[in-house]
Amino acid sequence: MSRRQQWVYHIEPEEFPPDFPQRLDAFRRAAGFSWRGLARRLKVSARLVFRWKAGAAPGSGHLVSLFNLAAGMGLLHLLLPGVEEAEDGSAEGG
């Protein structure tokens, strides 16, 4: 009798950029926030933002909030590689 083949898939998670703490700090300074002020604006605890500053990767929901805040301020290019600063709103859809 033959044994049934079992397939095991290992999905490698995307590697989080190792320079994210530096990008986050550049965004924070450009936006004029303190670390605690950034936490208040994102409606998260200051402890969580300090973890990000130390190198922990934010969860997907927090990243969306952070990117929305950055995009609304015109500073998304500081957080994402390859995103150019929008000139006269030309990078917006429409």
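Nothing fancy with the numbering, it's 1 onward along the sequence. Since the structure is predicted, the reported quantities are computational estimates derived from the model, not experimental observations.
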Interatomic distance, [X] atom [atom1] to [Y] atom [atom2] [nearest 0.5 angstrom]:
{"X": "Leu69", "Y": "Leu38", "atom1": "CG", "atom2": "CG", "result": "7.0 Å"}
{"X": "Leu24", "Y": "Asp19", "atom1": "CG", "atom2": "CG", "result": "11.0 Å"}
{"X": "Arg36", "Y": "Ser45", "atom1": "CZ", "atom2": "OG", "result": "10.0 Å"}

Indicate, with yes or no, if [Y] and [X] share a hydrophobic cluster defined by side-chain heavy-atom contacts under 4.5 Å among Ile, Leu, Val, Met, Phe, Trp and Tyr.
{"X": "Leu48", "Y": "Phe67", "value": "yes"}
{"X": "Leu80", "Y": "Met73", "value": "yes"}
{"X": "Phe50", "Y": "Leu63", "value": "yes"}

Nearest heavy atoms of Arg23 and Leu78, plus distance in Å:
CB-O, 3.4 Å
Taking all non-hydrogen atoms of both residues into account, name the closest pair between Trp52 and Pro21 and its distance.
O-CG, 3.7 Å
Between the main-chain N or O of Phe33 and the side-chain N or O of Arg28, is there a donor-acceptor pair closer than 3.5 Å?
yes
Quick one, His62 with Leu42, criterion side chain to side chain contact (heavy atoms under 4.5 Å, CB included). Give me CA distance, side-chain angles, the key distance, then yes/no.
CA-CA 8 Å; His62 292 132; Leu42 293 172; over 6 Å; no
Please enumerate all residues that pass salt bridge (Lys or Arg N to Asp or Glu O under 4.0 Å) together with Arg40, with sequence neighbours excluded.
none
Under the ring-ring contact (aromatic ring centres under 6.0 Å, His included) rule, collect the residues that match up with Phe27, sequence neighbours excluded.
none
